[in-house]
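For reference, the structure is listed below as structure tokens.
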Number of protein chains: 2
Amino acid sequence: MSRQDSGVAVMAEQKQPNRERIVATANRLFYTKGYNQTSFAHVADELGLSKGNLHYHFRSKNELLDAVIDLRMESIKQMLARWEKQYPDGKARLKRYARILLNEEADVVRYGCPMGSLNMELAKDQRDLQQHSRDMLELFRRWLEKACKQIGRRDYRALSLHIMARSQGAAMMAALYADVGLLKAEYKRLVDWIEML
Amino acid sequence: MSRQDSGVAVMAEQKQPNRERIVATANRLFYTKGYNQTSFAHVADELGLSKGNLHYHFRSKNELLDAVIDLRMESIKQMLARWEKQYPDGKARLKRYARILLNEEADVVRYGCPMGSLNMELAKDQRDLQQHSRDMLELFRRWLEKACKQIGRRDYRALSLHIMARSQGAAMMAALYADVGLLKAEYKRLVDWIEML
DNA sequence: GTCTATATGTAGATAGAC
DNA sequence: GTCTATCTACATATAGAC
């Protein structure tokens with residue numbers, strides 16, 4: 001499975017305009033260190049650029065976050081479109097979503113879900129920033145909702161939220177215990193449950 | 001249900017030695033703002049104390065975190081002991097755990113699970129700090145494990161982790177969508193599932 | 001125990017030279 | 001576009017007076 005599936009490690013960070021390299025590096029650091037724990041200096045250092053350069057491209061850290069979220073959303077949209085082609089069946093689509101946890105299992109076990117952990121961090125006292133971040137969740141949720149409708153479920157909204165809650169819980173616990181076995185076990189449970197729908 | 005059940009709002013913050021008032025206020029702010037987003041100045045201001053005073057009681061922010069975790073763990077232990085008296089039956093105990101989400105639903109919807117969100121924040125690049133924080137999770141997990149054994153389950157460890165994953169996922173999604181209905185729906189699903197065990 | 005003052009580092013952000 | 005220099009604010013932490 002390609003690294004593109006995570007929605008985080010989206011592109012190589014070399015041989016691109018600096019603006020894109022900055023977004024790619026910020027994307028990675030926001031994931032591995034957290035948004036509030038990542039500074040312009042960190043990003044600049046990793047790229048061998050100056051802080052001033054970063055501020056030329058992004059007036060504020062806020063703007064940089066928006067760019068990172070836009071990048072992730074673009075990546076997510078492409079992934080979901082790919083899945084729609086590969087899996088015509090509704091249940092197969094739900095199962096493919098569940099499997100996302102295993103794609104980047106090494107990262108998930110260390111840093112949690114990129115979407116979930118960023119959202120939760122911002123939800124606490126930066127709800128204005130979280131608004132945009134939640135759009136990422138909504139991309140997945142609406143896609144799941146559609147798949148649920150497809151298999152004839154009337155409770156498609158509730159189902160889509162439940163499936164996301166299950167995957168978020170799995171990613172979180174796996175990260176807190178740094179245990180990939182936990183991730184695999186929760187994946188299996190979720191797939192079995194989807195099969196019974 | 002008393003406010004004590006959350007493990008966060010543990011005691012009144014008045015008419016106590018300043019050391020305890022500091023821990024209680026830090027406890028609350030670490031929850032509502034996050035650990036890294038809370039400074040000594042914030043805690044001191046809320047109490048009308050000086051920063052120097054805080055540093056007299058706690059040499060470092062690290063130490064303050066340890067004190068907060070110890071406070072929460074003491075509160076959790078008492079709560080679990082109370083539950084053991086009130087609910088002799090294993091399944092009833094599992095259901096009581098599930099209901100914890102609803103006790104402080106207004107807070108959970110705004111700030112997530114106090115344990116889970118703190119752990120996840122620290123798990124990213126402060127794994128040393130997370131070690132202590134994870135002890136809180138272990139208190140619950142071992143308690144759940146015991147209840148699972150009680151109902152004759154051989155997969156008690158896996159079950160205990162699954163139940164925690166479900167509750168963490170529910171708390172997280174409810175916070176990200178600021179939706180108490182989501183919390184209630186996930187609670188109902190979890191209780192129904194426990195009933196079928 | 002509590003305060004003020006201070007040291008030291010870092011964060012986000014701007015100005016201006018090249 | 002990119003750099004250096006700088007501003008201002010704030011963070012953690014210490015020293016010493018009361």
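The sequence lines fix the lettering, A, B, ..., with proteins before strands; numbering per chain opens at 1. It should be emphasised that the depicted structure is a prediction, and the values quoted were computed from it without experimental measurement.
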_Distance under 4.0 Å to a non-hydrogen atom of chain A counts as contact; along DNA chain C, which nucleotides mark the start and end?_
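For DNA chain C, the relevant span reads C:dA11 to C:dT14.
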Residue list, side-chain hydrogen bond (donor to acceptor under 3.5 Å, both in side chains) with [X], at least two apart or on another chain:
| X | value |
| --- | --- |
| B:Lys188 | B:Asp192 |
| B:Arg127 | B:Gln130 |
| B:Asp128 | none |
| B:Asn18 | B:Arg21 |

*What residues form a side chain to side chain contact (heavy atoms under 4.5 Å, CB included) with A:Lys77, not counting sequence neighbours?*
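For A:Lys77, the residues satisfying side chain to side chain contact (heavy atoms under 4.5 Å, CB included) (neighbours in sequence not counted) are A:Glu74, A:Leu139.
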_One thing to verify: whether A:Glu138 and A:Arg141 come together as a salt bridge, which I'm taking to mean a side-chain N less than 4.0 angstrom from a carboxylate O._
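Answer for the salt bridge query: yes.
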*Inspect the contact between B:Glu84 and B:Lys146 and indicate whether a charged nitrogen and a carboxylate oxygen are less than 4.0 angstrom apart.*
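Yes, B:Lys146 and B:Glu84 are salt-bridged.
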*Do any of residues 120-131 of chain B sit with a heavy atom less than 4.0 Å from DNA chain C, and if so which?*
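None, since no heavy atom is under 4.0 Å.
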_Axial bend angle, the helix from C:dG1-D:dC18 to C:dC18-D:dG1: five-pair end segments, nearest 10°_ =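 Comparing the axis at each end, I get an angle of 0°.
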*Assign a letter to each nucleotide of nucleotides 5-11 of chain D from its 5' end: B, base within under 4.0 Å of a protein heavy atom; S, sugar-phosphate only; -, no contact.*
------S
*Validate the cation-pi geometry between A:Arg93 and A:Trp83: distance from NZ or CZ to the six-membered ring centre under 6.0 Å, angle to the ring axis within 45°.*
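No, A:Arg93 does not lie over the aromatic ring of A:Trp83.
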What side-chain donor-acceptor pairs closer than 3.5 Å can you find for residues 179-186 of chain B, not counting sequence neighbours?
residue, atom, partner, partner atom, Å
B:Asp179, OD1, B:Gly181, N, 2.7
B:Asp179, OD1, B:Leu182, N, 3.3
B:Lys184, NZ, B:Glu105, OE1, 3.1
B:Glu186, OE1, A:His162, ND1, 3.0
B:Glu186, OE2, A:His162, ND1, 3.0

*Give a yes or no on whether B:Tyr56 and B:Leu49 share a hydrophobic cluster (residues Ile, Leu, Val, Met, Phe, Trp, Tyr; joining criterion: side-chain heavy atoms under 4.5 Å apart).*
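Each belongs to a different hydrophobic cluster.
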_List the residues meeting salt bridge (Lys or Arg N to Asp or Glu O under 4.0 Å) with A:Arg19, not counting sequence neighbours, and say none if there are none._
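In terms of salt bridge (Lys or Arg N to Asp or Glu O under 4.0 Å), with neighbours along the sequence ignored, A:Arg19 is linked to no residue.
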_Once side chain to side chain donor-acceptor pair (under 3.5 Å) is applied, what residue pairs with a partner in residues 59-69 of chain A remain, sequence neighbours excluded?_
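Listed once each, the pairs are A:Asp66-A:His132.
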